[in-house]
Protein chains: 2
Amino acid sequence: MDDALRAVADPTRRAIMELVRDGERSAGELAGHFPAMSRPAVSQHLKVLVEAGLVDVRRDGNRRLYALRPEGLADAAGFIERMWSVQLRRLKEAVEKE
Amino acid sequence: MDDALRAVADPTRRAIMELVRDGERSAGELAGHFPAMSRPAVSQHLKVLVEAGLVDVRRDGNRRLYALRPEGLADAAGFIERMWSVQLRRLKEAVEKE
DNA sequence: AGGCTATGTAAGTAAGTTCTTACACAGCCT
DNA sequence: AGGCTGTGTAAGAACTTACTTACATAGCCT
């Protein structure tokens, strides 16, 4: 989970995830969405995402296609849910107090 | 959201959140849970958490009491949910294909 | 084969993070 | 007032991150 949460902390990587969310995208296609950044920079972000288990890669001839791998967020989701549950508990207590 | 996700990327800060999740804890009490780390280090983490909107502080005489503020995770939860929804969509498509 | 396209990797740099120790300050108690 | 307790802040060191440019490699096409 550590890796996933660290990976997701970067806004560029989150943007990449939003892009591959809707289907496979090639590395170049993704880099094209970040004109302010060099192509290798995007490539490095992709590496981080793959190693964190948040995206899958597959080779297609010349290119590499990246796709979202949502299971990678399972532990992160668990943490957030665990924190979030406090909301529900507090709400419940407030209701019972009435 | 940026701040919250960045804050949550650190394992010490997540541990602090788990601790304050069950109710208010004083700074010193929290620091006591991290014998490997200096007290100021914990204090600095608390500052980050407060600024990210993930915990609340309140003064109680000498001490400062910290408590979880789960609303701070709202945007982060939204992001994860948005990614997670891909799972459901894929599952649905798989079922329909049968 | 030779060249073009798509993409990753290496090396180096600038900036950011996370600690540490030393210090400052507020509140309590006698 | 003066000292103790609890806690934040300052300054700096060590490490990590997110880039950049230059280079390497693999597949496609003629």
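A quick note: this is a predicted structure, and the numbers were derived from the prediction, not measured. Quick note: numbers below take in every heavy atom, side chains included, and nothing from hydrogens, waters or symmetry partners.
- Side-chain atoms of B:Arg63 never come within 3.5 Å of backbone atoms of B:Ser26 as a donor-acceptor pair (strictly under, hydrogens ignored).
- When the C1' atom of D:dT5 is taken as reference, atom CG of B:Asp60 falls 14 Å away, rounded to whole Å.
- In this structure, B:Ala36 reaches the sugar-phosphate backbone alone: every heavy-atom distance under 4.0 Å involves primed, P, OP1 or OP2 atoms, never a base.
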Inset, instruction - Check the pair B:Arg64 / B:Arg58 against side chain to side chain contact (heavy atoms under 4.5 Å, CB included), numbers first and verdict last. - result: CA-CA 6 Å; B:Arg64 305 217 180 177; B:Arg58 131 182 124 78; over 6 Å; no
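- Every pair passing salt bridge (charged side-chain N to carboxylate O under 4.0 Å, His left out) that includes a residue from residues 75-90 of chain A is listed here, sequence neighbours excluded: A:Arg82-B:Glu18.
- An OP1 or OP2 oxygen of C:dT17 is reached within less than 4.0 angstrom by no side-chain nitrogen or oxygen of B:His45.
- At the phosphate of D:dC19, neither OP1 nor OP2 sits under 4.0 Å from any side-chain N or O atom of A:Ser38.
- The shortest heavy-atom contact between B:Arg13 and B:Ala7 is NE-O, 2.7 Å.
- Residue B:Lys47 holds its NZ atom at 5.5 Å from CD of B:Glu51, rounded to the nearest 0.5 Å.
- Per the geometry, CG belonging to A:Leu5 stands 17 Å off C1' belonging to C:dT17, to the nearest Å.
- Taking atom CZ on B:Arg59 and atom P on C:dC25, their separation rounds to 14 Å, with Å as the unit.
- Atom CG in B:Asp3 sits about 14 Å away from atom C1' in C:dT17, given to the nearest Å.
- Atom OG1 of residue B:Thr12 and atom NE2 of residue B:His45 lie 4.5 Å apart, to the nearest 0.5 angstrom.
- One interatomic measurement links the two molecules: CG of A:Asp10 to P of C:dT17, which rounds to 11 Å at whole-angstrom precision.
- Here D:dT17 presents its P atom at 9 Å from CZ of A:Arg13, a figure rounded to the nearest Å.
- Rounded to an integer number of Å, the gap from CE of B:Met37 to P of D:dC15 is 16 Å.
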Inset, instruction - If a protein heavy atom is under 4.0 Å from the base, mark B; if only from the sugar-phosphate, S; if neither, -; do that for nucleotides 2-15 of chain C going 5' to 3'. - result: ---BSBBBB-----
